[in-house]
Colleague: 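Here it is, the structure in full.
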Amino acid sequence: MSLSFEGRVVLVTGAGGGLGRDYALAFAERGASVVVNDLGADIKGGGKSSAAADKVVEEIRAKGGKAVANYDSVEDGEKLIKTALDAFGRIDVVVNNAGILRDRSFARTSDLDWDLIQRVHLRGSFLVTRAAWNHMKNQKFGRIIMTSSAAGIYGNFGQANYSAAKLGMLGLANTLAIEGRKYNVHCNTIAPVAASRLTETVMPPDILAFLKSEYVAPMVLWLCHEQCQENGGLFEVGAGWIGKLRWERSQGCIVRQKNQPMTPEAVRDQWDKICDFTDATKPASVQESLQSIISVLSGVESEGEVGANPTAAAASHSAINPTEAVGQKLPPSTFSFTHTQCILYALGVGMSTQDPDHLRFLYEGHPDFCSLPTFGVIPAQAAMMDGGLSSIPGLNIDFTQVLHGEQYLELYKPLPTSGKLTTEATVADVLDKGSGAVVLLDVNTYSGDELISYNQFSVFVVGAGGFGGRRTSEKAKASLPPPKRAPDAVVIDSTTRDQAALYRLSGDWNPLHIDPSFAAMGGFKAPILHGLCSFGFAARHVLKQFADNDPSRFKAIKVRFVKPVMPGQSLQTEMWKEGNRIHIQCKVKETDAIVLAGAYVDLHGTSEASPENLPQGGGLQSELVFAEIGRRIKDLGSELVKKVNAVFGWEITKDGKNVAQWTIDLKNGSGSLHKGPYSGKVDVTITVSDEDFMEVVLGKLNPQKAFFSGKLKVRGNIMLSQKLEVILKDYAKL
Ligand code: NAI
């Protein structure tokens, strides 16, 4: 099908001669209504005549085409567009073509030589395009051509003014292409070569014969057609040949080191590398261009940090020697924390007081307060953040190219809620995946001498492969595909707009997760969520769905990070139960994109978990008191039920462990006392140690003080605890 411009209104500036005239004729021939603009100036911008434009309009009309003339300078941009609107009611295409030359060697370039050239080419194109812009945006269609020049792209003796203006137009086009894209307003740039009055003095006649101006127009027509989706392109076009241009950039090289000044000597010493175009990249946007800067920031500044920049793509200059690196240890690190970090982490992975089950992870006063199992990655990651990876011999990797690929966490006992942990990390293996290297880091975390958790970080180093190493390792904790059936359970949970802002407070300070400009440099529309945050969401979904939120049931988790999640998106965790292994897959609900793959959580079987098998304490002082309470209830039960009307549960602890459970029922019948788990509804549960219980009973410890100091914990209807006095006061005399 031939390309028609029927119904389109096209403005060609400087169309009274040369290339512009050809464009105008070609557009008209294919049905466009054409505004033929030309000031009728001489080659240097002097003079004025309507004849040039009129002649072209006549030519078009003689062939049955539609055209009107406009004699204004492109510096009166609005007037040109008004002509189009007045004559044809719309504007679809603007070809910025008008131009003049005032060639001078640079030293002789006058202010006027400079200004006139900028005014006609750059400012004129700006004014005409701006006048058309909103019409195009509103109608959701527009095609704009900027006419640049080889002189601008490459430079040309005697054309400093012209070169500057012509490359200025390319800069203008680059941004218009971005701003117009979503309105279907496209802007492309051509650097034509054609015989015209501008070139006849500088090129020999036999060459000019090949460079007919009619060899440029077809390219302009194609770029301006609605079928053409090209946007932001730069093309050289002439003599029937068309080529596209783009930027190329060397791999470059980082010339500074952490905490050391950057020096001109370092630049000199790396000069060959900086200018070496081997494996050059072709950044096509500011984002792509600035990725290397991001890499420098996250690489040099955190030296050894396991970053999460999934877009870093350039090859790196790495030198890996597995035999040297494997088995090397990072310096040990310590992690001191209190309940605050545990709670902050729980909030970071989306726990909320809206869910009463979550309170045990959010409130240090909760009788079952505990750490979320996946908090176990935090001390390990802190060890990595301390750096040290960069000093491992045989592991000379470019830390700007590091991605967090996979994570495995295994707990050997429930995590404490405060204390001091030490972490040791070892390079378990280094694998050669061709396109990159995988570094497996085994990280053990201890509380005192006791090993409490093991993490395996799988770190992918882009471009560091090809060192002749093995592809797989028996040390790698493998990810596993989910069963091929519909999931047994699906939990959908929304992250909040501030999820990453909250999660980072647990210790991952990479600005990629908070700073919009930093994220933009990484090629993201907005800061992305931490992979380990989605990991935390998925793990707690499993814990709730299959382990009743009991952290002691948690054994291990494995996850492969596939795609980033944006804060505010919803996470959909799909789960398949296969014995004690729960396979998981996590998607962004809004896009259906898989973000965590090959993942699973291993649970301990219920019989292995201990809460039900609490030692029921003998020899406790509190036993005596409860025995006495039991007797009183027998005597005065009905009276107490009237006064109190509540069921009290008691959890008596010794050395931090629950050792006895009692229920004082002063609500049903004439009251009763039970030892062990209670089957009915308990209004309030009080947890207190055997010793403190006695202190309270003996009146040595004020119950309120005990509560606020955390010695006595109350769950349920806290107001009812005030009625405790009725039950306990007499026993002070015991
Ligand atoms: P040309 O001189 O034949 O055409 C330029 C037209 O622009 C003239 O008709 C002139 O009257 C008009 N014009 C000048 N100032 C104006 C103003 N203020 N307002 C409205 N019209 C004005 O030159 P040619 O070769 O056709 O050039 C067309 C465009 O292509 C120019 O922008 C030129 O810089 C560019 N170009 C041409 C090359 C070639 O090989 N011919 C090489 C590189 C770029």
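Atoms within each ligand, like the ligands themselves, are counted from 1 in listed order. As the structure is a computational prediction, the values presented were derived from the model and not from experiment. Just the heavy atoms: all of them, side chains too, but no hydrogens, waters or symmetry mates, feed the values below.
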Colleague: Can you tell me the protein heavy atom closest to atom 35 (C) of ligand 1 and the distance?
Modeller: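 Sorting protein heavy atoms by distance from atom 35 (C) of ligand 1 puts Thr147 CG2, 3.6 Å first.
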Colleague: Please identify which atoms of ligand 1 are closer than 4.0 Å to at least one heavy atom of Ala194.
Modeller: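 Checking each atom against Ala194, I get 39 (C), 40 (O), 41 (N).
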Colleague: Look at atom 17 (C) of ligand 1 and say which protein heavy atom is nearest, naming residue and atom and giving the distance to 0.1 Å.
Modeller: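 Scanning the protein heavy atoms, the shortest distance from atom 17 (C) of ligand 1 goes to Leu39 CD2, 3.6 Å.
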Colleague: Ala151 near ligand 1, heavy-atom distance under 4.0 Å?
Modeller: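 For ligand 1, residue contact (heavy atoms, under 4.0 Å) with Ala151 is absent.
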Colleague: What residue pairs, at least two apart or across chains, pass salt bridge (charged side-chain N to carboxylate O under 4.0 Å, His left out) with a residue in residues 29-40?
Modeller: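 Every candidate salt bridge (charged side-chain N to carboxylate O under 4.0 Å, His left out) pair involving residues 29-40 fails, so no pair, neighbours aside, qualifies.
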Colleague: What atoms of ligand 1 come closer than 4.0 angstrom to any heavy atom of Tyr162?
Modeller: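 Close to Tyr162: 33 (C), 34 (O), 35 (C), 36 (N), 43 (C), 44 (C).
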Colleague: With heavy-atom distances below 4.5 Å as the criterion, would you say the side chains of Leu234 and Leu170 are in contact?
Modeller: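 They are in side-chain contact.
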Colleague: Going by the ring-ring contact (aromatic ring centres under 6.0 Å, His included) test, which pairs reach into residues 104-152, not counting sequence neighbours?
Modeller: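 As it turns out, the ring-ring contact (aromatic ring centres under 6.0 Å, His included) pairs with a partner in residues 104-152, which skip direct neighbours, are His121-Tyr162.
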Colleague: I'd like to check which ligand 1 atoms, numbered from 1 as shown, lie under 4.0 Å from a non-hydrogen atom of Ile100.
Modeller: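 Answer for ligand 1: 14 (C), 15 (N).
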Colleague: May I ask you to say whether Arg143 pairs ionically with Glu230, meaning some side-chain N is under 4.0 Å from a carboxylate O?
Modeller: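 Between Glu230 and Arg143 there is no salt bridge, as every charged N stays at least 4.0 Å from the carboxylate O atoms.
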Colleague: Kindly give the heavy-atom pair with the smallest separation between Ser148 and Pro192, and that separation in Å.
Modeller: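 For Ser148 and Pro192, the tightest heavy-atom pair comes out as O-CD, 3.5 Å.
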Colleague: Among all protein heavy atoms, pick the one closest to atom 27 (O) of ligand 1 and tell me residue, atom and distance.
Modeller: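 Among all protein heavy atoms, the one nearest atom 27 (O) of ligand 1 is Leu198 CD1, 3.6 Å.
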Colleague: Of all the non-hydrogen atoms in the protein, which one sits nearest to atom 43 (C) of ligand 1, and at what distance?
Modeller: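 Checking every protein heavy atom, the shortest distance to atom 43 (C) of ligand 1 gives Pro192 O, 3.2 Å.
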Colleague: Could you tell me which atoms of ligand 1, counted from 1 in the order shown, lie closer than 4.0 angstrom to a heavy atom of Gly18?
Modeller: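 Numbered from 1, ligand 1 contributes 3 (O), 26 (O).
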Colleague: Measure the distance from atom 9 (O) of ligand 1 to every protein heavy atom, then report the residue, atom name and distance (to 0.1 Å) of the closest one.
Modeller: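 Looking at atom 9 (O) of ligand 1, the protein heavy atom closest to it is Asp38 OD2, 2.6 Å.
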Colleague: Checking the N or O distance criterion of under 3.5 Å, is ligand 1 in contact with Leu19?
Modeller: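 Yes: some nitrogen or oxygen of Leu19 is under 3.5 Å from one in ligand 1.
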Colleague: Counting only heavy atoms closer than 4.0 Å, does ligand 1 sit against the backbone of Ala195, its side chain, both, or neither?
Modeller: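 For Ala195, there is no contact with ligand 1 at all, from either part.
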Colleague: Have a look at ligand 1 and work out which part of Asn37, if any, has a heavy atom under 4.0 Å from it: side chain, backbone, both or neither.
Modeller: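 Side chain only; the backbone of Asn37 stays clear of ligand 1.
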Colleague: Nearest heavy-atom pair of Asp72 and Leu80: which atoms, and what distance?
Modeller: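 So the two residues come closest at CB-CD1, 3.6 Å.
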Colleague: Does any donor atom in the side chain of Asp508 or Asn510 lie under 3.5 Å from an acceptor atom in the other side chain?
Modeller: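 Per modelled atom types, Asp508 and Asn510 side chains form no pair under 3.5 Å.
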Colleague: Do Leu221 and Phe5 have side-chain heavy atoms sitting under 4.5 Å apart?
Modeller: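 The answer is yes; the side chains approach within 4.5 Å.
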Colleague: Tyr23 and side chain to side chain contact (heavy atoms under 4.5 Å, CB included): which single residue from Val10, Val93, Val12, Val34 fits?
Modeller: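 Of the listed options, the one satisfying the test is Val12.
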Colleague: Identify the closest protein heavy atom to atom 10 (C) of ligand 1: which residue and atom is it, and at what distance?
Modeller: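 Going atom by atom, the protein heavy atom closest to atom 10 (C) of ligand 1 ends up being Arg197 NH2, 3.2 Å.
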Colleague: State the NZ-OG distance between Lys166 and Ser149, to the nearest 0.5 angstrom.
Modeller: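 Rounded to the nearest 0.5 Å, the NZ-OG separation comes to 6.5 Å.
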Colleague: So if I count the atoms of ligand 1 from 1 in the order they appear, which ones are less than 4.0 Å from some heavy atom of His121?
Modeller: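 The atoms of ligand 1 under 4.0 Å from a heavy atom of His121 are 32 (O), 34 (O).
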Colleague: Give me the nearest non-hydrogen protein atom to atom 29 (C) of ligand 1 as residue plus atom name, then the distance to 0.1 Å.
Modeller: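 Going by distance alone, atom 29 (C) of ligand 1 is nearest to Asn97 O, 3.1 Å.
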Colleague: Should Gly16 be counted as touching ligand 1, given the test is an N or O pair under 3.5 Å?
Modeller: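 No, no N or O pair falls under 3.5 Å.
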Colleague: Just wondering, do Leu3 and Gln227 contact through their side chains at under 4.5 Å, heavy atoms?
Modeller: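 The answer is yes, as the side chains (C-beta and beyond) meet within the 4.5 Å cut-off.
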Colleague: With atoms numbered from 1 as shown, which atoms in ligand 1 lie under 4.0 angstrom from a non-hydrogen atom of Ala41?
Modeller: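 Ligand 1 atoms under the 4.0 Å threshold to Ala41: 11 (O).
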Colleague: Could you check atom 5 (C) of ligand 1 against the protein and tell me its nearest heavy-atom contact, residue, atom and distance included?
Modeller: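 Closest protein heavy atom to atom 5 (C) of ligand 1: Gly99 O, 3.6 Å.
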Colleague: Counting from 1, what ligand 1 atoms have a heavy atom of Ala98 closer than 4.0 Å?
Modeller: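 So the answer, numbered in order with elements, is 7 (O), 13 (N), 16 (C), 20 (C), 21 (N), 22 (C), 32 (O).
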Colleague: Looking at Lys282, I'd like to know if its NZ atom is crowded, meaning that more than 12 non-hydrogen atoms belonging to other residues, nucleotides or ligands lie closer than 6.0 Å.
Modeller: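 Yes, the 6.0 Å shell around NZ holds more than 12 heavy atoms from other groups.
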Colleague: Before accepting this row, confirm whether a basic side-chain N of the pair Lys82/Asp86 lies closer than 4.0 Å to the acidic partner's carboxylate O.
Modeller: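 Yes, Lys82 and Asp86 are salt-bridged.
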Colleague: For Lys166, is the nearest heavy atom under 4.0 Å from an atom of ligand 1?
Modeller: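 Contact present.
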Colleague: Check ligand 1 against Val193 and write out every atom of the ligand that is under 4.0 Å from a heavy-atom position of the residue.
Modeller: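 This gives 40 (O) as the contact atoms.
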